[in-house]
Amino acid sequence: MIRINQIKVSVSGDMEELKSKISKLIKTSDFSISKIVKKSIDARDKNNLFYIYSVDIEVKNEGLILDKTKKYNHNNIMSTKEEIYVFPLDKKTILSDDYLPPVIIGAGPAGYFCGLYLARQGYKPIIIERGKPVFERQKDVEGFWNGEKINSNSNVSFGEGGAGTFSDGKLNTGIKDRYGRIKAVVSDFISFGAPEEIGYLNKPHIGTDELKKVLFEMRKEILSLGGKIHFNTRFVDYSMQGDEIQINLEPTCEESTIEFSKINTNALILAIGHSSRDTFYMLSKKSIPMEPKSFAIGIRVEHPTDMVNESQYGCSDDAMLLPTADYKMTFRSSKGRSVYSFCMCPGGFVVNASSDEEQSVVNGMSNHGRDERNSNSAIVVNVTPEDFINEGFGDYGVMAGVEFQKKYERLAYLEGKGCIPVQTFGDYKAGKTTETLGKITPNIKGKYEFANLNNCLPVYVNNAIIEGISYYDSKLKGFAREDAVLSGVESRTSSPVRILRQDDTLMSEEKGIFPCGEGAGYAGGITSAAVDGIKVAEAVAAYLNSLQ
C-alpha cells in the first residue's frame, strides 16, 4: 500500500478533485483509495483555504510507482503497512470453576475499554458504577440544570461514560502510541456507531448527543461477552486476603442491581474518575500509595461562534463551507504561570458540572453539529502542590489538592448565590460585579447569576487569566472584547491526585490493585483514558494468567 501526504484540495472540492490530485502525483489513474488517513484545514491564508489530506491507496506495480515518484523527489509518497492492534496474549483464558472475575470500579472511558478488552478475551469482568445508565443519567442531569436538587451519584461527573459524556466527546490527544491502541479505540467507537469521520479528522469529536448512543452499544457488547455491569452501586472499602481482594459495595438508590454487599476478586481496577473524592479519601486512609499532583483551575469564556469563525477562516465564500472553527491558546504569564485554553467547545454550551451540593463547577459541551450561537473554552492556570501548601492545605497531605478545589468551588457557589457566577471580561478586569451584559448572551445549561469572579479564584490565577486573555486577542481578533462572558469555576481539568503504580505490572504496591485512567492520574481526556484502560486490561490478563 502507498501513503500520500500533504494533498491540497479546495474547500469546495470533492472526492473527484482528490482523486485527480493523486493521479497527477503518481502519473496514473489506475488506483483505488483504501483509506483517508487524515484530513485537516489549512487556514493560514484566509484568501486561499484548503483541506490537507493524507490517504492510503492501492495500485498495481507499487514498486514502479514508488521508484518514479522518488525520481521526482516526492517525499510525501511512501510505502506503508496497516498496523492492527493485537491483544498481547495469544489465546483466551480458560476459566476454572473457582475463577474470580476482575472487578472494575467506574464506567468511564478507562473502565469501559478495560472491561471491553477483558470481556473479548473471556475474562467476564464485573463493572461497578455509582451512577446511572446514560439515558437515565441524562434525565438527572437535565433535571439539575432545570433547578432540581443535584443527585450526587448521577450528574455530569458520575454515571455511564464518565465526565467525558457531557463534554463534546473530543478524541484528540497528545499521547504517543506505537502499539496501535489509539487506532483501536477510534475503530471501536466507529463500530459502536460514532461517525466514520473520527477516523481521519485532525481534531475528531463524537458530540455529546452521539456519544450517548455509542455508550449504549458498547454496554451491549460487554454484556454479550459475559461481562456484568452494576449501576447505582458505590465502592466503599476493600480488604486484602492473600491473593484475594474483598470489595465492599453499597447501593446508591433503589434501582441498584447489586444483590450482594461484598465481592471477592484477584484483580481490582480503580478507574474511578477525577471527581471521586470520597474514594480518594478512603484510599488515602487505607495507606495505598498516592501523591498530590498539579492540575489547572480557571474560568470558561464565551464568544460568538461567528466571531471565532471569521477570525480563524476569514469572510470568503469558502469559509462558509468549513466546520465550526476551534482554537488552541497558550501563554506564559509575567509571574511564570502557564495559562492555556482547555476543552474548547465550538458552537456549544457551558454546563453546570457540579457533582455535589454547595459547589459551582463549569465545563463545556458541544453536540455533534456544533451549531450553537456561542463557542467556549476554559482558560486555566496551572496550580501545584506548593500552591496547596501555601494556601494552608498542607495538613491534608495527599488530599491537599482536593481541598484546594473544594475551597474555590464553594466560593463560586456563594458568589453565584447557588447558581453559576457570570461576569463580563471588562468587569472582571475592573474587579466589579456585572450588572448588564453586552452583545453576548450566555449559552449555559443551568441557572446563572451576575457576580464577581475575582472572589472565586486566587489572586495569582485571576491576574494570569487577565494577562492571558489580553494576549490571546493578538491571536484571535475579539478574544479580549469587553463583553466576552466568563463563568466559573473550571476546577476539574484533571485529577488532583495520582494513585501510584510500582512498575511495568501497572499495579499498586497493593497486590492485585490496578490504578487506571484519568482519576488515577494516568490520562487526560477520553482517548488517553481509553488507551490506559486497554493497557491495564493487558496487565490484568497477564497477572490473572500468572495465578492459574
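- Here the closest non-hydrogen pair linking H368 and P195 is CE1-CG, 3.4 Å.
- Interatomic distance, K170 NZ to I206 CD1, rounded to the nearest 0.5 Å: 11.5 Å.
- Side-chain contact, S375 with T305: a donor N or O sits under 3.5 Å from an acceptor N or O.
- A heavy-atom distance below 4.5 Å is found between the side chains of I229 and L223.
- The shortest distance between side-chain heavy atoms of D371 and T324 does not fall below 4.5 Å.
- Note that CD of E197 is 9.5 Å distant from CD1 of I190, once rounded to the nearest 0.5 Å.
- A donor-acceptor pair is defined here as one N or O able to donate and one able to accept, closer than 3.5 Å; such a pair exists between the side chain of N376 and the backbone of F349.
- Within 6.0 Å of atom OH in Y85, more than 12 heavy atoms from other residues, nucleotides or ligands are found, so the atom counts as buried in its surroundings.
- The environment of NZ in K407 is crowded: more than 12 heavy-atom neighbours from other residues, nucleotides or ligands sit within 6.0 Å.
- Rounding to the nearest 0.5 angstrom, the gap separating the CD1 atom in I299 from the CD atom in E490 is 9.0 Å.
- Across all non-hydrogen atoms, the minimal contact from T80 to I2 is CG2-C, 4.1 Å.
- In this structure, F342 has its ring center at least 6.0 angstrom away from the ring center of F295.
- No side-chain heavy atom of N363 sits under 4.5 Å from any side-chain heavy atom of F166.
- Scanning all heavy atoms of the two residues, the minimum distance from E518 to G525 falls at OE1-N, 3.1 Å.
- The backbone N or O of A520 sits nowhere less than 3.5 Å from a side-chain atom of S495 that would complete a donor-acceptor pair.
- Q405 is not listed as a side-chain neighbour of V361, based on a closest heavy-atom distance of 4.5 Å or more.
- Remark: the backbone N or O of V185 is not paired with any side-chain donor or acceptor of D188 at under 3.5 angstrom.
- For NZ of K328, the number of neighbouring non-hydrogen atoms (other residues, nucleotides, ligands) closer than 6.0 Å is 12 at most.
- N367 and T208 share no side-chain donor-acceptor pair at under 3.5 Å.
- When each of R219, R137, K132 is tested with E160 by the rule salt bridge (charged side-chain N to carboxylate O under 4.0 Å, His left out), just one qualifies, namely R219.
- When all heavy atoms are compared, the tightest approach of L171 to T527 is O-OG1, 2.6 Å.
- Every residue meeting the side-chain contact (heavy atoms from CB on, under 4.5 Å) condition with P102, not counting sequence neighbours, appears here in chain and number order: Y99, L118, Y123, P125, A267, I269, V540, L544.
- Salt-bridge formation is detected for the pair E409/R277: a Lys NZ or Arg NE/NH1/NH2 atom is positioned less than 4.0 Å from an Asp or Glu carboxylate oxygen.
- The environment of CG in D504 is sparse: at most 12 heavy-atom neighbours from other residues, nucleotides or ligands sit within 6.0 Å.
- Sparse packing is recorded around CD of E196, with 12 or fewer heavy atoms of other residues, nucleotides or ligands lying under 6.0 Å away.
- Checking side-chain atoms of T265 against main-chain N and O of P101 turns up a donor-acceptor pair under 3.5 Å.
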* Test K139 against E136 for salt bridge (Lys or Arg N to Asp or Glu O under 4.0 Å), laying out the working first. => CA-CA 5 Å; K139 294 176 183 177; E136 296 173 35; over 6 Å; no
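- To the nearest 0.5 Å, atom OH of residue Y543 and atom CG of residue N266 are 6.0 Å apart.
- Around atom CD of E509, no more than 12 heavy atoms belonging to other residues, nucleotides or ligands sit under 6.0 Å away.
- With 3.5 Å as the limit, one finds a donor-acceptor pair spanning the side chains of Y327 and S377.
- Under a 3.5 Å cut-off, the side chain of S224 and the backbone N or O of I222 do not form any donor-acceptor pair.
- The shortest side-chain heavy-atom distance between N5 and M78 falls under the 4.5 Å cut-off.
- Salt bridge D326/R370: absent, no basic N to carboxylate O contact under 4.0 Å.
- For the pair Y522 (side chain) and I499 (backbone), a donor-acceptor distance under 3.5 Å is present.
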* To do: Decide salt bridge (Lys or Arg N to Asp or Glu O under 4.0 Å) for E538 and K535; before the verdict, give the C-alpha distance in whole Å, the side-chain angles of both, and the deciding distance to 0.1 Å.
  => CA-CA 5 Å; E538 297 166 3; K535 289 170 61 178; over 6 Å; no
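- Nearest heavy-atom pair across P496 and H274 is CD-O, 3.9 Å.
- Taking the six-membered ring for Trp and the full ring otherwise, F393 and F388 have centroids separated by 6.0 Å or more.
- Looking only at distances, a side-chain donor or acceptor of S366 sits under 3.5 Å from a matching main-chain atom of P346.
- A cation-pi arrangement is not found for R120 relative to F87, the charged atom failing to lie both closer than 6.0 Å to the ring centre and inside a 45° cone about the ring normal.
- Ring centroid separation for the pair Y396 and Y281 does not come in under the 6.0 Å cut-off.
- Around atom CD of E83, no more than 12 heavy atoms belonging to other residues, nucleotides or ligands sit under 6.0 Å away.
- Salt bridge annotation for K286-D237: present, with a cationic side-chain nitrogen under 4.0 angstrom from a carboxylate oxygen.
- A distance-only check finds no donor-acceptor pair linking the side chain of S187 to the backbone of A184 [under 3.5 Å].
- What you find for L500 and E291 is that their closest heavy atoms are CD2-CD, 3.6 Å.
- The pair K149-E357 meets the salt-bridge criterion, with a side-chain N (NZ, NE, NH1 or NH2) lying under 4.0 Å from an Asp/Glu carboxylate O.
- Atom NZ of K228 has 12 or fewer heavy atoms from other residues, nucleotides or ligands within 6.0 Å.
- Rounded to the nearest 0.5 angstrom, I57 CD1 and I36 CD1 are separated by 13.0 Å.
- Donor-acceptor pairing under 3.5 Å is recorded for the side chains of S154 and D140.
- Taking N374 as the reference, E302, I440, N443 meet the side-chain contact (heavy atoms from CB on, under 4.5 Å) condition, with sequence neighbours excluded.
- The shortest side-chain heavy-atom distance between R492 and S355 falls under the 4.5 Å cut-off.
- Atom CD of E129 and atom CG of N232 lie 8.5 Å apart (nearest 0.5 Å).
- Under the 4.5 Å side-chain criterion, counting only non-hydrogen atoms from C-beta, S276 is in contact with R130.
- The closest donor-acceptor contact from the side chain of T165 to the backbone of G162 lies under 3.5 Å.
- Proximity of I258 to I128: side-chain heavy atoms (C-beta onward) are separated by under 4.5 Å at one or more points.
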